[in-house]
Colleague: 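Sharing a structure here in C-alpha cells format.
In what follows, chains are A, B, ... by sequence order, proteins preceding strands, each numbered from 1. Remember, it's a predicted structure, so these values are computed and weren't measured experimentally.
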Amino acid sequence: MILPVHDRIRTHLTRLLAELYALDGRAMPTVALEYPPNRTLGDLGTPVAFELARRLKKAPRAIAQEIAGAFGALEGIARVAPAPNGYLNFFLERRAFLIDRLAPAPPAPRTAARKAIVEHTAINPNKAAHIGHLRNSALGDTLVRVLRFRGIPVEVQNYIDDTGVQVADVVVGFRVLERRTVDGIRQLADSTRFDYYCWDLYARVTEWYDEDKTRLSHRAETLHDIEHGGNDAAAIGAFIADRIVRCHLRTMARMNVDYDLLTWEGDILRLKFWAQAFDVLKASGAVYLKTEGPLAGCWVMPIQEDEGSNPKSQSPKPNAQSPKPEGEREPVTDIDEEDAGEREKVIVRSNGVVTYVGKDIAYQFWKLGLLGRDFQYRIFEERPHGPLWATCSTGGEATHPSFGGAAWVYNVIDVRQSYLQKLLKQALVAAGHPEGAERSHHFSYEMVALSHATARELGFAPPPDSEEAKRPFVSVSGRKGLGVKADDLLDTLMRNAAREVAARNPEFSEAERDRIAQMIGVAAVRYFLIKFSTNKMIVFDLGEALSFEGESGPYVQYAVVRANNIFQKLQRRDGLDERGLLATLGEVPAGELAGEYGSHEIWELVLEAARLDEVVEQVIPSLEFSVLAKHAFSLAQAFNAFYHRSPILNEERDDVRRWRAAAVMYVRNQLTRALDLMGISVPPRM
RNA sequence: GCGCCCGUAGCUCAGUUGGAUAGAGCGCCGGACUUCGAAUCCGUAGGCCGCAGGUUCGAGUCCUGCCGGGCGCGCCA
C-alpha cells in the first residue's frame, strides 16, 4: 500500500516549505503526488514548485532545486531529484518497500468511524430481476466492499416495495385474469419458476390495461386493499412479494451479493413512520397546506432550484470526527412563499394519502436516526454466516442487532430518480438537518439498454420503421417484459465458461468444472457492469458481455491463477514456499529490483500493485468504480506481459529468481484483494 | 420551456483534485506455443479530444455560447 508513503512525504514537505519560504497555513500549497511517466525520472513526483512559482516570483526549476537541496533524509526515500522542467521527484528504497509490503499485515487498527448505510437492489417484488437490476447491485455491493476495506462499518439494506403498483398489478393478473386463489398461486409457486411466471403475467396485465383503460380501476381497488390489509388481495400481494424476494435473493447470491436487512415498505406504513415525519416537517414549515389553486387541499413542499438547496456531499473517512454541531451551520435559507414562479411538490394528496416522496422522506429520516421511531425485526432466513433480518410491524424478536441511525447514507438508484433524491435532501435541510443532507448520497447511475443485435437474438426487435428502430439501442421495459433476465444471463455465461474450462481441463469432475465456471461467470458480469462510468448508459450486448478476453473479469482472474501456479510449482519443484522466500529477501542482492540488469519491470509491477489503497481512496468520494476495474486490469496486463518475458522457475540466477517471485507474490496478493472488492473470487485453475 | 448527463481512434470506452509524450479493449493486418498454461504475449495502422471563444505558466479536464444525442420535470412509484 502506498498511501503511508504519500503521507510521509507530504508531511515532511509541508514542514520543509514552511521553514524554507515562511509560508503560513493559508499560503501552503497542497502537495499533489503523482507518478512520473517512467521510473528513470523517479517513483513519485510533485508539481508543487509550479504552484509556488508565482507566489515566490521564481522559476519552478529553481524552486525544485532549492527544495531538493534542503530535503534531508526521510525514511523510505532513497533520493530526491529536481527535474529540469520543475517537477520534484522521489526515488523510494525499493528493497525495504517490497519487504514491508510482503510482511503479514498487522491487525487493522480500530477506527472510530461511524456506520454507513448502503441501500441497493430494491427491485419491485413482482417479477424476475433483469440486467438493469444487476448494475444496481453490482455497484451497490462494490460500494459496500470498498467502504469496509477502508474500515467503515456498513449496514446493507434492500428496500422492498411490497405495497406499490407493480405488486398490485400482478395481484390483478392472478385474481382477475387467471382467477386464482391464494392456494392456487402457492401451488404454482412451488412448481414453477415463479419469478419468470410473474414476469410474463405482469407483461400480460400491462397489455390488458392498454386495451381498455377502464380496467385500471382494478389496480386502484387492489392498491387500496393491499394498503388496508386483512383481505384476499393483501394476502396474495404479501405472498407474491415474499416469494419473489426469495427469488431475487437467490439471483443476487449467485453474484456474491448479500444484505443485512430487508426493509419492507408495508412496515413503514403500518408503523406510521410517515405520521411522525409529517409532524416534524409541518413544525419546521418544510411542508404546508395549500388552500387555493389547483393543489388546494394538498400538503406541498416548495422546490428550490438554487445552489443552496443542494448541499455539498461529504464522504466518510475512517478517522473523521463527528460532524459540526448544527449551531455552527449556516441557517436554512428562508422559503419565499410569495414567489409566483415557484414550483411545489405534492407530499400529501388532497385525499389524505401520502405520496412516494413522503414515504421516502420518513425512511431517510429513520436511516439517519432522526425519526424517533424504529421497526420491529424478524429473521427472514438463516444463512451460514448469520441470519438475514427483515423489518416487521408486530411480533418482532426481542433481541436483534441495531439497525438504522447511520452517519452516512448511500441510496443506489438510477439517474431517473435524481430529481426525487434531490427533494429528499431538501426535505432534510428544511427540517433542520443540513448535516444529514450532506451525508446523504444519491449514488446515481445510467440505464442499461439492449443492443439491436441482442434484442433481435431475444426476439425483441422493434418494427423496422419505428422510432425505436432508428435509435442506437433498444430500451428495456419491465412493464412490457422486454429485457434480459438476470438468471438467464448468468446461466448462459456459466454454460459458456464451463465449456471453456472443460476444454482446457478435461480431467475435472463436473462439479469442479461447474464451480469454477460459476466463478468465471460472476467475474465476467460483475466486471462488465463496473467498468463503465456510472453516468454512461450501458448498451448491453450478449456477445460482448460473454467475452472472456480482453478487458474482462476473467482476464484479471487468469493473471492471478497463473501467479498462483508459479508458487505451486516453486514449492513442488524447489521446495521454496512463500514464507521461505520472504525470509531470504533481506540478504539477497537486490540488483534485479533496483533495475541494475537493465530493466525496471519488477519494480514497476510492485509500485503499481501498491497503489490499491490510493485507488480505493479515490473511488469512495467519486463513486467511480470503473477506476478500480481499470486499475486491476492494467495491473493484470502488466503482470501478463512480465510473465511472458521473464521466466521465474527457469531463471538460473538465484537472486533474480527470488526478486521476481517476490514481485509476483505481491502483485498476486493485491490483485486478489482488488478482485474481492469487486465481488470476484479467484478459481484454483481455469 | 426549464434542469441534469453525454460527445475523445472504425466500434465500445479510460483519461474524476488542471500537469511531463492523449491511452485501453474490440475489430483490421502481421508475428510468437518441444519452454512457469496461448482465456496469453509482441508489433503495424488508426486522433481538428463536437464547434467557437475565454481563464491559466499549463486545458481532453475549468468558464461562456453554439451544434448534436439521451434522460428527467405527475395529487405515479
Colleague: Taking A:Arg515 first and then A:Glu512, would you say they form a salt bridge - that is, a charged N and a carboxylate O separated by under 4.0 Å?
Modeller: no
Colleague: Is the A:Phe278-A:Trp299 ring centre distance short of 6.0 angstrom?
Modeller: yes
Colleague: Please state whether the base of B:rA77 and the side chain of A:Asp161 form at least one donor-acceptor pair under 3.5 Å?
Modeller: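 In this structure, the two groups form no donor-acceptor pair.
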Colleague: Answer yes or no: side-chain N or O of A:Thr30 and base N or O of B:rU17 forming a donor-acceptor pair under 3.5 Å.
Modeller: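 Between B:rU17 and A:Thr30, which were checked side chain against base, a qualifying N/O pair under 3.5 Å is absent.
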Colleague: For B:rU17, does either OP1 or OP2 sit under 4.0 Å from a side-chain N or O belonging to A:Ser622?
Modeller: no
Colleague: Taking syn as any angle within 90 degrees of 0 and anti as the rest, which one fits B:rC33?
Modeller: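 Syn conformation for B:rC33.
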Colleague: Need to verify one output field. Residue with the more 5' nearest nucleotide on RNA chain B, A:Glu544 or A:Ser350?
Modeller: A:Glu544
Colleague: Taking the six-membered ring of A:Phe567 as reference, does the cationic atom of A:Arg668 (NZ for Lys, CZ for Arg) lie under 6.0 Å from its centre and within 45° of its axis?
Modeller: yes
Colleague: Counting the atoms with a prime plus P, OP1 and OP2 as sugar-phosphate, which does A:Lys531 contact under 4.0 Å by heavy atoms, base, sugar-phosphate, or nothing?
Modeller: nothing
Colleague: Out of B:rC36, B:rA77, B:rG25, which has the shortest distance to the side chain of A:Thr355?
Modeller: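 For A:Thr355, the side-chain atoms sit closest to B:rA77.
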Colleague: Between the base of B:rA39 and the side chain of A:Asn640, is there a donor and acceptor pair under 3.5 angstrom?
Modeller: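 Check fails, no donor-acceptor contact within cut-off.
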Colleague: What is the distance from CG of A:Asn38 to P of B:rA20, rounded to the nearest Å?
Modeller: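 Going from A:Asn38 (CG) to B:rA20 (P), I get 13 Å.
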